[in-house]
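Fair warning: this is a prediction, and the values are worked out from it, not measured in the lab. No hydrogens, no waters, no symmetry mates; every other heavy atom, side chains included, goes into these values. In what follows, every chain begins at residue 1, and chains take the letters A, B, ... in the order their sequences are listed.
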Amino acid sequence: MPGDYRERLFGFLRSRAAGQPGELLVEDPAPRPSTAPGAGDDLAERFRAELCAVGGEAVNLGAVEDPAAELGNWVKGLGLESAVMDSDPAWELLSLPVRELLDSAGLAVDSVGSSVTPQELAAYDLGVTLADAAIAETGTIVQCARPFRPRSISLVPRCHLVLVPGDRLLGGLEDFFEGIDEGASWAAGDADFDSYFTWITGPSRTADIEKTLTIGVHGPERTGAFVLGEGVSDD
Amino acid sequence: MRPRSDQFHELSSEALEDSFLREALKRASSSFHAAKTDAVDSMPDWEELRQRGHDRKNRAIENLPEALEVFEKNLRSRGGEVHYCEDGAAARDQVLSIIRSSGGRSVTKSKSMVTEEIALNDHLEAAGLSVLEGDLGEYIIQLAGEHPSHIIAPAIHKSREEVAELFHDHLGSDPDADIPELTRVARETLREAFLGADIGISGANFVIAETGTIVLVENEGNIRMSTTVPRVHIAVVGIEKVLPRRSDLAALLRLLCRSATGQRVTSYISFISSPRTGGEGDGPEKLHVVFLDAGRSRLWADPTQREALNCIRCGACLNFCPVYGSVGGHSYGWVYPGPIGSVITPHYVGIEKASQLPQASSLCGRCGEVCPMKIPLPDMLLGLRAKAVEAGSAGFSEKLSMRVFSLLARSPRLWRLLLALGRPFYRLVARAGLASILGGAARRWSRSRSLPLPGRSGFRRWWREDSERGGE
Ligand code: SF4
């Protein structure tokens with residue numbers, strides 16, 4: 001019986017544990033390393049630079065003259081045929097008409113709810129999502145569990161396009177973990193970080209054969225992240 | 001995997017004859033070195049970070065029973081299940097019974113040292129299940145019927161040509177395929193397997209007590225596949241993997257990624273605390289954590305060795321170890337190679353089955369310096385050497401030499417006399433090449449090594465003369 005071993009193990013461990021009762025979860029705030037961006041840093045620029053450094057593609061749409069054209073051109077450049085978007089209600093809040101841009105770039109676009117299967121999603125060339133958070137220090141996109149978004153939409157299509165609302169762009173790793181612990185505005189509502197989330201930093205990669213870097217193994221081979229000048233307040 | 005760690009000498013001398021292996025190890029270590037050195041140089045707070053990582057991990061290890069209990073309670077509250085297994089056999093049976101009761105048939109696995117440790121694949125295949133390794137390196141090893149030789153880069157000992165031949169034989173691809181083409185072939189084959197799998201098996205880099213979270217770090221996306229697509233996700237996890245709080249990950253992930261591959265963070269990191277939630281259409285319906293003891297609680301109970309459980313399997317101590325760099329991972333005879341392998345293997349398989357491992361070190365101290373968790377590996381290796389002698393598993397000649405050494409070391413006169421006699425002899429040997437005067441195993445040992453020429457006078461004389469000169 002596996003249950004038996006639990007009792008024996010805990011009995012043994014308890015008889016030898018060295019810590020003080022109750023100290024396990026005592027708060028111990030993480031010091032911020034000097035490499036993490038802080039107040040006054042240009043987060044969009046740092047995010048862009050970090051993501052590009054690891055083979056991702058990133059544009060700060062807040063700093064370009066014609067964001068729609070910029071995004072449209074990138075999508076056209078991919079030379080793909082189909083795209084799939086989640087049904088995030090926040091798409092409606094954006095002034096940038098993302099779906100129309102995809103349409104006019106010549107892609108066949110479907111919007112799907114969370115009940116779509118990974119097998120169905122694998123048939124699309126491009127998965128399109130909104131970031132739930134992004135971390136400038138590392139060029140990382142965060143996707144959490146959401147009722148309207150399948151987890152594999154950022155994984156099985158060949159390419160991934162993600163839009164980063166300006167109010168979800170964070171500085172360092174500590175800002176992210178503090179934000180989800182304290183229920184920051186971007187981590188509230190139906191953004192469920194307590195069940196599941198994933199960090200995505202650049203394209204899928206491997207160096208398993210002769211230590212030679214190769215892009216696009218199991219996940220997307222291209223990851224484009226576009227930071228928006230606007231935010232999408234969740235409240 | 002059946003341990004062969006009592007055969008380090010035989011295995012390593014075979015490895016030393018393998019010239020491709022030596023080339024591959026050299027290439028790998030210089031690329032790992034450069035990456036890690038860059039990553040550490042670009043982080044001025046590296047030492048503070050190491051201290052923090054060490055402290056937070058210690059906090060969990062010191063409070064291990066509570067940490068496991070809190071983790072269990074939190075994961076269960078969101079619908080996950082937790083099992084505890086005493087040894088590899090119990091863990092294999094547990095995994096198999098989960099698979100059986102879910103009606104699953106096809107398994108995809110993501111790279112995990114602990115499932116290597118318990119030889120899970122063989123067991124599942126013998127039970128009639130199809131098991132596919134999803135990590136490219138592991139997949140190559142699986143096709144070749146071998147075992148990983150490095151904890152981060154399992155197929156480091158294989159050349160592009162060997163991989164092309166393997167893929168040609170098994171998958172019918174071009175025998176001259178280049179690396180991008182080989183990667184594409186693997187992607188296609190594995191993609192089909194991922195989309196058809198009903199069971200996904202992973203390890204865990206960390207589990208978080210406070211939030212009941214399993215943390216998985218990777219670059220390829222195979223772990224995301226195995227933990228998103230199949231109906232059931234089983235994580236096999238050593239009981240030592242626990243951390244107190246989710247916010248501890250800020251430090252621990254920096255330490256792990258920078259030390260392992262030199263990346264700031266890897267391409268994907270998954271944080272799983274629950275099976276799929278109500279509204280979600282993918283993600284596993286069932287989530288199981290199978291905790292494995294298999295010697296860990298015994299190691300934990302030894303305060304002089306406990307810190308070995310702080311290891312985050314970054315591989316840095318392997319990459320910077322001159323012994324690993326010459327003999328490769330397979331020489332260590334079990335799943336965990338390098339300095340950390342030499343420390344934990346004797347605890348996990350029994351010191352009598354791994355008595356040679358604590359000797360597989362030149363005690364140069366690099367491993368302790370590069371370890372992001374500040375694990376005092378050289379001290380631990382020394383401690384284990386003493387244990388091996390105590391346990392009577394050291395050979396006769398080793399016991400004798402320990403005795404002679406201690407006699408000499410206690411008598412300065414004898415010591416000086418022997419040094420004075422030894423110097424001219426040593427110079428002769430170093431000139432002639434060690435291999436030319438030795439026979440048997442000692443000759444094999446010496447073929448791949450050269451001796452530095454000693455100075456004409458000794459250190460003591462130099463010291464005396466130097467002090468007389470006023471130490472200029
Ligand atoms: S002992 Fe230290 S350096 Fe070696 S793998 Fe573990 S954490 Fe890394």
Side-chain angles (χ1 to χ4, degrees), chain A residues 2 5-6 9-10 12-14 16-19 23-25 28 30-31 33-35 50 54 113-119 122 138 140 145 147-148 150-152 155 173-174 177-178 181 192 194-212 214 216-219, chain B residues 27-28 31 43-45 48-49 62-67 78 83-86 94 136-137 153 155 160 163 179-180 182-183 187 190 195 209-211 219-222 224-225 228-229 244-247 249-251 264-265 267-274 277 279-283 293 297 301:
Chain A
Y5 190 60
R6 184 186 186 286
L9 175 67
F10 277 87
F12 176 74
L13 295 178
R14 280 208 193 88
R16 314 272 183 114
E23 70 172 0
L24 177 74
L25 297 180
D28 181 1
S34 55
T35 48
E50 294 289 343
V54 296
S114 71
S115 62
V116 65
T117 65
Q119 291 78 4
T138 48
T140 299
F148 46 76
R151 295 180 186 185
S152 49
L155 178 65
L173 305 191
E174 285 76 11
F177 286 111
E178 269 166 33
D181 283 350
D192 183 359
D194 287 333
S195 294
Y196 167 84
F197 60 93
T198 183
W199 286 6
I200 303 171
T201 309
S204 157
R205 59 173 62 212
T206 185
D208 274 351
I209 305 177
E210 297 195 348
K211 291 288 293 163
T212 305
T214 314
V217 203
H218 301 302
Chain B
R27 180 176 48 228
S31 101
M43 172 61 91
D45 321 88
E48 289 83 354
L49 206 57
E62 302 272 280
N63 296 279
L64 188 57
E66 189 190 350
R78 272 188 296 273
H83 316 264
Y84 294 87
C85 299
E86 180 165 20
Q94 182 65 60
L136 177 59
R160 198 258 312 159
V163 178
I179 293 174
L182 291 168
T183 308
R187 174 192 168 97
L190 289 168
L195 293 179
E210 176 197 34
T211 52
N219 273 313
E220 293 185 3
N222 68 89
R224 285 189 71 197
M225 286 283 187
T228 308
V229 180
R245 300 170 62 101
R246 188 162 60 182
S247 53
L249 288 168
R264 301 249 194 299
V265 290
S267 302
Y268 302 117
I269 305 182
S270 303
F271 307 75
I272 302 165
S273 320
S274 154
T277 52
E280 289 184 292
D282 61 0
D293 182 343
S297 60

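- By number of non-hydrogen pairs under 4.5 angstrom with chain A, the leading residue of B:Ala250, B:Gly283, B:Ala209 is B:Ala250.
- Side-chain atoms of B:Thr183 and A:Thr206, non-hydrogen and from C-beta on, do get closer than 4.5 Å to each other.
- If you measure heavy-atom distances from A:Ser152 to chain B, the contacts under 4.5 Å come from both the backbone and the side chain.
- Of the atoms belonging to A:Glu50, it is side-chain heavy atoms, and not backbone ones, that fall under 4.5 Å from chain B.
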Practice task
Quick one: do B:Glu220 and A:Asp208 satisfy side-chain contact (heavy atoms from CB on, under 4.5 Å)? Show the steps, please.
Solution key: CA-CA 10 Å; B:Glu220 293 185 3; A:Asp208 274 351; 3.0 Å; yes
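- Between B:Arg78 and A:Ser195 there is a side-chain heavy-atom pair separated by less than 4.5 Å.
- Residue contact with chain B, scored on non-hydrogen atoms closer than 4.5 Å, involves the backbone and the side chain of A:Leu24 alike.
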Problem - Residue pair B:Thr277, A:Asp192: steps toward the side-chain contact (heavy atoms from CB on, under 4.5 Å) verdict - result: CA-CA 9 Å; B:Thr277 52; A:Asp192 183 359; 3.8 Å; yes
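- With a 4.5 angstrom heavy-atom cutoff, B:Glu48 does not touch chain A via any of its atoms.
- The residue among A:Gly113, A:Ala145, A:Ala207 with the most heavy atom pairs within less than 4.5 Å of chain B is A:Ala145.
- Using a 3.5 Å distance cut-off with no hydrogens or angles, the side chains of B:Glu280 and A:Ser114 do not pair a donor with an acceptor.
- Here OH of B:Tyr268 is found 6.0 Å from CG of A:Leu155. Values are rounded to the nearest 0.5 Å.
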Practice task
Apply side-chain contact (heavy atoms from CB on, under 4.5 Å) to the pair A:Gln119 and B:Val229, showing each step before the final yes or no.
Solution key: CA-CA 8 Å; A:Gln119 291 78 4; B:Val229 180; 4.0 Å; yes
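- Contacts with chain A were tallied for B:Asp293, B:Leu190, B:Leu49; B:Asp293 has the most, counting heavy-atom pairs under 4.5 Å.
- The closest side-chain heavy-atom distance from B:Pro44 to A:Ser34 is below 4.5 Å.
- The structure places CZ of B:Arg224 at 13.0 Å from NE2 of A:His218, a figure rounded to the nearest 0.5 Å.
- Considering only heavy atoms from C-beta on, B:Leu182 comes within 4.5 Å of A:Ile209 through its side chain.
- Counting heavy-atom pairs closer than 4.5 Å to chain B, the top residue among A:Glu210, A:Arg14, A:Arg16 is A:Glu210.
- Looking only at heavy-atom pairs under 4.5 Å with chain B, the residue among A:Thr35, A:Asp28, A:Thr117 that has the most is A:Asp28.
- Note: A:Ser204 leads A:Ser204, A:Gly219, A:Ala122 in heavy-atom pairs under 4.5 Å with chain B.
- Contact of A:Tyr196 with chain B is made through backbone and side chain together, with heavy-atom distances under 4.5 Å.
- Within the 3.5 Å criterion, the main-chain N or O of A:Arg205 finds no donor-acceptor partner in the side chain of B:Asn219.
- If you tally non-hydrogen atom pairs under 4.5 Å between each of B:Leu64, B:Val265, B:Ile272 and chain A, the highest count goes to B:Val265.
- Judged purely by atom type and a 3.5 angstrom limit, B:Ser273 uses its side chain to pair as donor or acceptor with the backbone of A:Asp194.
- A heavy-atom distance below 4.5 Å is not found between the side chains of B:Ser267 and A:Ile200.
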Problem - Chi angles and distances behind the side-chain contact (heavy atoms from CB on, under 4.5 Å) call for B:Arg187, A:Thr214 - result: CA-CA 12 Å; B:Arg187 174 192 168 97; A:Thr214 314; over 6 Å; no
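- Ranking A:Arg151, A:Lys211, A:Glu178 against chain B, the residue ahead of the rest is A:Arg151, based on heavy-atom pairs under 4.5 Å.
- Qualifying ring-ring contact (aromatic ring centres under 6.0 Å, His included) partners for B:Phe271, counting only residues two or more places apart in sequence or in other chains: A:Phe197, A:Trp199.
- Smallest separation of non-hydrogen atoms from B:Ser297 and A:Tyr5: OG-OH, 4.2 Å.
- Counting heavy atoms from C-beta outward, B:Ser247 and A:Asp181 have side chains that approach closer than 4.5 Å.
- The shortest side-chain heavy-atom distance between A:Val217 and B:Asn222 does not fall under the 4.5 Å cut-off.
- Note on A:Leu25, A:Thr212, A:Thr138: by heavy-atom pairs under 4.5 Å with chain B, the leading option is A:Leu25.
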